[in-house]
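To find a chain, count down the sequence lines: A is the first, B the second, and so on, and within it residues start at 1.
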Amino acid sequence: MTAERYNPRESEAKWQAVWEARKTFQTSNEDPRPKYYVLEMFPYPSGRIHMGHVRNYAMGDVVARYKRARGFNVLHPMGWDAFGMPAENAAMQNKSHPARWTYTNIDTMRGQLKSMGLSLDWSREVATCDPSYYRHQQKMFLDFLSAGLVDRKKSKVNWDPVDHTVLANEQVIDGRGWRSGAIVEQRELTQWFLKISKYSQELLDGLDTLDRWPEKVRLMQRNWIGKSEGLLVRFEVAAATAPAGLTELEIFTTRPDTLFGAKFMAIAPDHPMAAAVAAGNPELKAFIEECRRGGTSVVALETAEKMGFNTGVRVQHPFDPDWLLPVYVANFILMEYGTGAIFGCPAHDQRDLDFVNKYGLGNTPVVCPAEVHPANFKITDVAYDGDGRMINSRFLDGMSVPEAKEEVSRRLESSVWGDRPRARRQVNFKLRDWGISRQRYWGCPIPVIHCDACGVVPVPEKDLPVQLPDDVTFDQPGNALERHPSWKFVKCPSCSHDARRETDTMDTFVDSSWYFARFTDPWNKDTPTTRSAVDHWLPVDQYIGGIEHAILHLLYSRFFTRAMRITGHCEVSEPFRGLFTQGMVVHETYRAQDGAWLTPNEVKFSSDAAGRRAFSLATSAEVQIGPSEKMSKSKRNTVDPDDIIGTFGADTARWFMLSDSPPERDVAWTEEGVQGSARYVQQLWRLVHDLAGVAAPIGTRPLSAMTAEATAIRKAAHTHLMHVQENIERLRFNTAIAEIRKFSNTLLSLLSNAEAAPDDASRAAYREAADILVCMFAPMMPHLAEECWAVLGYSSPVSESAWPVLDMSLTKNDMISLPIQINGKKRADLTIDADADDAAVQSATLKLEAVQKALEGKAVRKIIVVPKRIVNVVVA
RNA sequence: GCGGACGUGGCGGAAUUGGUAGACGCAAGGGACUUAAAAUCCCUCGGGACUCCCGUACGGGUUCGAUUCCCGUCGUCCGCACCA
């Protein structure tokens with residue numbers, strides 16, 4: 001049978017319309033089949049989709065379509081993470097409104113996603129900037145508030161004085177605002193916080209249950225939560241040196257065993273004791289100012305030298321009232337961690353060692369490694385933080401580190417000074433509360449009202465949503481809500497006097513912390529979730545997205561889900577049962593002589609045995625081919641999904657995205673690779689026509705009387721079906737694709753090598769094989785599969801058909817071929833009955849000519865038979 | 001500095017988790033068809049002294065057998081970063 005070339009442009013549009021008309025991918029919450037929730041991280045509507053989206057959604061769609069075919073009721077929704085700064089920046093530039101920019105982008109991107117042929121339930125689409133979404137977020141905020149999960153407190157923030165907003169730490173680059181370039185100031189602002197740190201331990205423990213998450217992500221979250229167990233110790237201030245009213249200094253340490261190696265105390269510049277001393281000491285005051293200017297940006301911290309200022313205050317060693325330690329204000333002590341004060345043990349802490357070496361305070365080693373004699377153990381530039389026995393430590397001498405920790409803790413806990421013990425054990429976490437206040441317009445308003453008489457008053461539920469006003473201007477930086485003429489002026493809901501709305505909006509990470517729950521019933525107007533729906537669907541069975549969200553989004557969502565559970569909005573604690581983090585899409589870079597970057601469209605290539613060269617289309621000058629890097633506007637190495645889909649079709653783009661690299665690794669987008677995929681589309685198209693020409697009619701069962709050819713066809717079909725299934729289940733799309741290609745190669749050669757017209761047994765087998773082939777690639781190339789399915793005679797879509805039933809008996813062979821090794825080197829092959837026992841395999845091995853030859857004159861020491869794998873003959 | 005991952009042909013990668021290294025594809029070379037091009041089809045494709053030997057970054061080890069496990073070295077990438 002001859003076939004026209006497959007025309008993706010026509011077919012793709014046609015089948016997308018069919019799916020939409022038949023509501024093929026709409027999911028009912030009432031469907032009794034087992035549920036499967038597949039979710040890809042929803043996009044920010046920045047304007048157009050990029051190749052990273054194509055990869056992400058192609059993967060999710062394979063899983064969704066596969067699971068649907070396997071009989072699951074699949075939920076596969078899509079929405080928009082639609083609040084955020086870029087919309088305001090665009091509004092400022094274009095003198096328009098963020099909503100207009102956002103919704104225009106959403107329309108464009110929705111169209112692009114639809115052109116990919118994704119099996120999404122578009123009836124559940126949500127946009128976080130829509131009041132029908134954020135009203136529920138406000139409700140939950142109020143629920144969290146009354147459940148004690150929200151805090152309002154002063155905190156130090158990065159303040160951009162040009163953009164008039166708080167910046168996240170990630171948005172501060174070299175101490176400057178990432179957009180404005182202005183030097184970032186540290187400001188104390190009163191901010192709203194979600195009390196995530198209260199759940200540190202629970203979030204840590206929960207990681208152990210997430211066995212279908214990448215180990216890497218779990219480790220990153222573990223480190224981020226940063227649990228450490230230690231001791232809070234109260235040091236008595238020497239009365240003569242005590243600044244006003246301060247009689248003690250409390251520190252946190254994880255190394256109480258090293259207490260006898262202490263040389264100094266250090267406190268943070270913001271520590272109350274520093275302030276107390278500075279009050280009468282202008283020099284210290286200046287030093288503290290300098291530390292503050294140093295900033296908290298990563299770079300500032302990295303390059304900052306250890307600096308200290310001796311306050312003159314002295315404290316007593318807890319085990320020796322006559323041993324006085326000087327108290328320094330030091331720039332490397334953080335007020336936010338522990339108590340903002342430490343004791344310095346230079347011998348066993350690099351940071352402390354650097355400090356004493358600068359200020360000449362010396363060091364005393366107190367932990368001696370096993371292989372060194374204590375008398376010879378000296379510390380100069382490198383602190384020792386390993387194991388060993390205690391030395392120079394009075395009653396601790398000779399103990400191991402854990403023993404010494406325990407002994408110190410025990411003694412100080414039972415030693416009372418004042419009316420309290422000198423020390424208590426404490427667990428500390430690095431995880432800080434989540435500051436969600438943003439001084440921006442385009443975000444979810446925080447639903448509270450400030451009243452001079454009543455304080456902070458929650459907006460009554462009946463007044464939700466607190467909606468963003470439309471009449472705002474973006475002709476100046478800062479928060480448009482703040483300067484709106486009337487929006488913030490309201491009456492206090494409690495006393496009816498004049499009051500003011502909160503003008504801060506929520507961090508957009510709040511929006512994305514529960515969208516997966518909203519998808520389960522986005523139609524509910526009254527409450528954020530419908531318990532029957534959310535409890536049925538959650539957790540998400542397979543979540544797919546970029547590694548860049550390993551901490552923030554995924555940790556916030558895990559916390560938010562717990563908060564929703566506590567406030568009765570859902571049952572689960574962990575939102576994502578399975579997580580997969582896919583790699584980036586990278587592309588070669590092209591650079592002209594003058595240093596200008598060229599896009600892939602501006603370059604032509606020539607290649608021969610000597611290599612591959614690139615030339616500018618415009619000037620014909622040779623351009624340099626640079627390494628593959630993440631697609632970026634600055635390097636101009638981007639490829640537009642619309643162009644690819646327009647030229648090759650969505651199926652080709654999807655297939656190539658999935659075929660070339662393991663999904664967790666970066667994939668290099670290449671023109672040649674895409675063309676290879678496009679060739680394969682046509683190859684499959686021809687193959688299916690050829691198969692249709694020889695296949696028995698639909699519904700023909702494989703015959704019981706099998707010929708050799710029919711057996712070969714059926715075995716190939718079921719063996720490859722088994723492998724494709726396994727590989728899709730494990731998200732190994734690249735190897736699944738290799739199996740499909742192997743199968744189609746096998747069918748091609750069976751068809752072309754057939755000497756006579758196929759008999760009835762073969763025709764029945766070809767029918768089965770053709771059906772299996774199309775079902776196999778349908779998750780990756782759904783449009784082509786539909787068209788092929790029709791060629792095979794089916795009248796309803798393959799997207800609505802069940803996955804083929806695997807017959808395991810056909811994946812096993814009666815005869816197997818075993819490699820025969822002699823002393824670990826392969827020397828022969830043995831074809832033998834698959835269920836021959838070891839003895840039979842051994843004797844057959846020894847009869848082989850090649851083995852006989854290799855054995856000449858040598859004695860067989862032993863024969864190792866690994867059933868169905870390999871035979872190794874060990875000779876002397 | 002701390003933590004983690006990785007290192008296989010010209011390239012992307014595969015190898016059933018200790019059992020035939022290089023599946024599948026890309027690129028390249030040769031050939032067929034064609035007036036020609038495209039498309040399609042066939043052959044070759046880790047290296048060599050080619051019935052054999054070498055080869056999975058490098059050096060050791062365990063094992064009948066190591067890309068896989070262990071120790072060390074080198075390199076690349078990622079995360080965290082003065083967290084007491």
**Residues that A:His271 engages under ring pair (Phe, Tyr, Trp, His ring centres under 6.0 Å), provided they are two or more places apart** = none
**Asked** In terms of base orientation, is B:G9 syn or anti, with the syn window spanning 90° either side of 0?
**Response** syn
Hey, what are the protein-to-nucleotides 54-56 of chain B N/O distances that come in under 3.5 Å?
residue: B:C54; atom: OP2; partner: A:Lys825; partner atom: NZ; Å: 3.4

Could you go over nucleotides 77-79 of chain B and give all protein N or O partners under 3.5 Å, atom names and distances?
residue: B:C78; atom: O2'; partner: A:Lys216; partner atom: NZ; Å: 3.3

**Message:** Just to verify, what does A:Tyr6 make a ring pair (Phe, Tyr, Trp, His ring centres under 6.0 Å) with, not counting sequence neighbours?
**Reply:** A:Trp685
**Prompt:** Hey, is the side chain of A:Arg351 poking within less than 4.0 Å of OP1 or OP2 on B:C83, counting only N and O atoms?
**Reply:** yes
**Item:** Syn/anti label of B:C50 as read from its glycosidic torsion, with the cut at 90° from 0
**Value:** syn
**Request:** Determine, for nucleotides 5-16 of chain B in 5'-to-3' order, which nucleotides have protein heavy atoms under 4.0 Å from the base (write B), from only the sugar-phosphate (write S), or from neither (write -).
**Result:** -------BSSSB
**Request:** Only pairs at least two apart or in different chains count here, so list each side-chain hydrogen bond (donor to acceptor under 3.5 Å, both in side chains) that has a residue in residues 867-876 of chain A.
**Result:** none
**Asked** Strictly under 6.0 Å, is that where the ring centroids of A:Tyr590 and A:Phe605 end up?
**Response** yes
**Item:** Sequence-distant partners of A:Glu629, salt bridge (charged side-chain N to carboxylate O under 4.0 Å, His left out), two or more places apart
**Value:** A:Lys635
**Prompt:** Can you name the ring pair (Phe, Tyr, Trp, His ring centres under 6.0 Å) partners of A:Trp213, sequence neighbours left out?
**Reply:** none
**Request:** Dot-bracket notation for RNA chain B is requested: 5' to 3', Watson-Crick or G-U wobble pairs only, both distances under 3.5 Å, with ( ), [ ], | and . as defined.
**Result:** (((((((..(((......[....))).(((((.......))))).(((...)))..(((((..]....))))))))))))....
**Complete:** Among the nucleotides B:C83, B:U40, B:C24, whichever has the atom closest to the side chain of A:Tyr337 is B:C83
**Non-neighbouring partners of A:Ser200 that pass side-chain hydrogen bond (donor to acceptor under 3.5 Å, both in side chains), sequence neighbours left out** = none
Check: protein-nucleotides 63-70 of chain B nitrogen or oxygen pairs below 3.5 Å:
residue: B:C64; atom: O2'; partner: A:Asn872; partner atom: ND2; Å: 3.2
residue: B:C64; atom: O2; partner: A:Asn872; partner atom: ND2; Å: 2.4

**Prompt:** ring pair (Phe, Tyr, Trp, His ring centres under 6.0 Å) with A:Phe648: which residues, sequence neighbours excluded?
**Reply:** none
**Asked** Where does the angle between the aromatic ring planes of A:Phe355 and A:Tyr359 fall among parallel (under 30°), tilted (30 to 60°) and perpendicular (over 60°)?
**Response** tilted
